[in-house]
Number of protein chains: 2
Amino acid sequence: MYDEAMSSRPHVSLAQRKRQLVSDELTQAALQLLAQKGFDAVTIDEIATAAGVSKRTFFRYFASKEDVVVQFLADMGNDIRAELAARPTKERPSVALQHAIAVPLAACADHSDRALPVVQLILRTPALYARFLERQAQWRDDLSAELVARLDLDADTDLYPRMAAGMALNAFDAALQRWSGSDGTEDPAALIDRAFAVIAPALNAWRGGKSAGLAAPPG
Amino acid sequence: MYDEAMSSRPHVSLAQRKRQLVSDELTQAALQLLAQKGFDAVTIDEIATAAGVSKRTFFRYFASKEDVVVQFLADMGNDIRAELAARPTKERPSVALQHAIAVPLAACADHSDRALPVVQLILRTPALYARFLERQAQWRDDLSAELVARLDLDADTDLYPRMAAGMALNAFDAALQRWSGSDGTEDPAALIDRAFAVIAPALNAWRGGKSAGLAAPPG
DNA sequence: GCGCGTATTGACACTCGGTGACAGCAGCGA
DNA sequence: TCGCTGCTGTCACCGAGTGTCAATACGCGC
C-alpha cells in the first residue's frame, strides 16, 4: 500500500526491505493458495514453504492464518478514519461518513483484479468473515471516537456516534457484499450512494450536544 | 429454554433426557470455568472433566470452545425473528423491529445473574466476540428476509431490508455493550429506546416499492 | 427375560494451529 | 577483527479438533 520505494529514503536499510520482501512473498503465496484451494485446505506449512521460509517465520509476520488475509484489507480501517478526519468539520455527518467510506472502497475496487478474490474469500469463509467483523468493530470504535471529536459529543452518554459509525460500516458491508456477489460488476460508488440514501435520514436527524435542542445540522 | 419436562411427552425417552443432561452439565461447567479463569486459561479437557465426560464427548455436543458460550445466546436470534414475525404486518418497521429486539433482550436481562457474566465474557474476549458477530450476521440475514416478506420487497435490488436489519442489530449491540459495561445497572429497554430513537428516522423514511428515495432528511 | 440394532461413550492416535527456547548466521558499527 | 543486534530454522511442546474402534447402555420385538 505505501510506496516507500519511490521516495529515496536513506534509512530503509536493507534489513527493512528484506523484511518487507518476506512479508510480501508470504502474503502473495497465502492469497494465491487460499483462493485456489480454500481456506481450510491449505496448511501454514504449505504457505510458508511456498514463500521459501519456515512455518515459524510465518508466525513472526502474521498472528494467525486469518491474519494474512484480513491484514490485506487492514489499512482500509485507517484510511476510513483518516478520510473522515480530513473532511471539513462543518460538513454534515452523512456526507463526511459517506466520503470516508466511499473513497477507500473505490480505491479497493480499483485493483479489483487483486482485491475481488480476497473479498470473496473472506465473505465466503466463516472463520475469515468472523475476523473481518471483529476488525470492523474496531473500525466502528475508531470512527465513533472521530465523530465524538468532530461533533464535540459526550461519548459516555450519547449513543449517536456509535450508531452512526455502525450504520456507515453497515453500508460499507452491504456494498462490499453486493460488489463481491456481482463479481465486481456493480459499481461500489453507486452502491454506497444507495446505502447511504437509506441511513442518511438517521445520520442527519441528530440533535447536537447534550441539550435536546432541535438544531439542525449545518448544511 | 424449552420446558418439555412439563408436558408429559411420551417420546422424551430417557436417552434424550440423558443427552440434555450432559449438555447442560457441559454448559454449566464451561461457563463457570471460563468466567472464572478467562477464555484462554481454560482447556477443553478441564471443562469436560469438570462435567464428568471425556474431551471427545465435549465435541459431540459443541463444535468449538467458542460455541459453548455463544450457543448460550443462540436462541435469541430465533426469538428476535419470531418476535418480528409476530408483529402486526401493518406496523411501522421501526416499531416492529424495536419490539423484536427489545423483548428478547429484556428476557435476557431478566436472568441477569446468569446472562450478565456470559455477555461480559463474550464482549471482553476477542475470539468470542468475533463468533458472536458472525452469528449476528446470520441474524441480520434472517431479519432481512423477514422484512422482505413483511414489506413485499425485492431482496435482490432493495438495500433497505438489509440496512434496516443491520441498524436494528446495531442498536442491539450498542445496548448490550452499555448494559454489560454498566454491570447490569442501566435499563436495557431504555437503552433500546434511545438507540432506536437514533435510527428510527432512517427506518421510517423508507418508501415502498423499487424507487430508491433520495429525498432530503425530514425537518 | 432374551437377543439384537442403535446410539452414546471413552480411549487412542493423528493433524494442524500456535508458542517458547535455543542455536546459527548475516549485517553493521567500533 | 570483535561484538552487538536482528532474523531465521529447528526442535519440542501444548491445545484445538477429528477419525476410528471397541465397549456399553438403551429400546424394542420375541
Side-chain angles (χ1 to χ4, degrees), chain A residues 9-27 29-31 33-34 37-71 121-122 125-132 134, chain B residues 8-27 29-31 33-34 36-71 121 125-131 134:
Chain A
R9 285 275 185 79
H11 271 318
V12 273
S13 52
L14 207 140
Q16 303 234 357
R17 272 185 291 171
K18 216 171 172 181
R19 201 174 158 75
Q20 186 64 38
L21 198 93
V22 174
S23 176
D24 290 347
E25 201 72 25
L26 236 16
T27 305
L31 291 184
L33 284 173
L34 292 176
K37 305 173 60 177
F39 186 75
D40 295 322
V42 180
T43 72
I44 293 188
D45 266 314
E46 284 183 80
I47 299 173
T49 302
V53 297
S54 71
K55 167 188 156 192
R56 192 65 185 86
T57 292
F58 175 93
F59 285 107
R60 291 192 175 101
Y61 285 82
F62 302 99
S64 69
K65 201 171 154 189
E66 292 93 352
D67 214 39
V68 204
V69 186
V70 177
Q71 188 82 14
L121 179 66
I122 291 178
T125 308
L128 286 174
Y129 189 51
R131 291 291 166 186
F132 178 58
E134 186 189 357
Chain B
S8 57
R9 286 275 186 80
H11 272 318
V12 275
S13 51
L14 209 140
Q16 304 235 356
R17 272 185 290 170
K18 211 170 172 182
R19 203 173 158 75
Q20 185 64 38
L21 198 94
V22 174
S23 176
D24 290 348
E25 200 73 25
L26 235 17
T27 305
L31 292 183
L33 284 172
L34 292 175
Q36 174 190 340
K37 304 173 63 178
F39 185 75
D40 295 321
V42 179
T43 72
I44 292 186
D45 265 315
E46 283 184 80
I47 299 174
T49 303
V53 297
S54 73
K55 167 189 156 191
R56 193 64 186 85
T57 293
F58 174 94
F59 285 106
R60 290 194 176 100
Y61 285 83
F62 302 99
S64 70
K65 201 170 153 189
E66 292 93 350
D67 212 39
V68 205
V69 186
V70 177
Q71 188 81 13
L121 179 67
T125 309
L128 285 174
Y129 190 51
R131 291 290 166 185
E134 187 189 358

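We name chains A, B, ... by the order of the sequence lines, and we start the count at 1 in each one.
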Nucleotide nearest [X] when distance is taken to its side chain, options [options]:
X	options	value
B:Thr57	C:dT9, C:dG18, D:dG9	C:dT9
A:Arg56	C:dG18, D:dT20, D:dT10	D:dT10
B:Lys55	C:dG17, C:dT8, D:dA16	D:dA16
B:Phe59	C:dG18, D:dG17, D:dT10	D:dG17
A:Lys18	C:dA26, C:dG18, D:dT8	C:dA26
A:Lys65	C:dG18, D:dA16, D:dT8	C:dG18
A:Ile44	C:dG17, D:dG9, D:dT8	C:dG17

Phosphate contact (D:dG17 OP1 or OP2) by B:Tyr61 side-chain N/O below 4.0 Å = no
message = Please report the interatomic distance CD(A:Glu66) to CD1(A:Ile122), rounded to the nearest 0.5 Å.
response = 11.0 Å
ask   = Roughly how far, to the nearest 0.5 Å, is the CZ atom of B:Phe58 from the CG atom of B:Asp45?
value = 10.5 Å
Atom-to-atom span, [atom1] of [X] to [atom2] of [N] - whole angstrom:
X	N	atom1	atom2	value
B:Gln20	C:dA7	CD	P	18 Å
B:Arg17	C:dT8	CZ	P	15 Å
A:Glu46	C:dT15	CD	C1'	13 Å
A:Leu128	C:dG17	CG	P	13 Å
A:Asp45	D:dT10	CG	P	11 Å
A:Phe62	D:dT8	CZ	P	12 Å
B:Arg19	C:dT6	CZ	C1'	14 Å
A:Leu33	C:dC16	CG	P	14 Å

Do the non-hydrogen side-chain atoms of [X] and [Y] ever get within less than 4.5 Å of each other?
X	Y	result
B:Glu46	B:Lys37	yes
B:Thr27	B:Phe62	yes
B:Leu31	B:Val68	no

message = Over all strands shown, is A:Phe58 touching base, sugar-phosphate only, or nothing at heavy-atom distances under 4.0 angstrom?
response =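 Result for A:Phe58 = nothing.
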query = More 5' along DNA chain C: A:Thr43 or A:Arg60, using each one's nearest nucleotide?
reply =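 With A:Thr43 and A:Arg60 compared, the 5'-side residue is A:Thr43.
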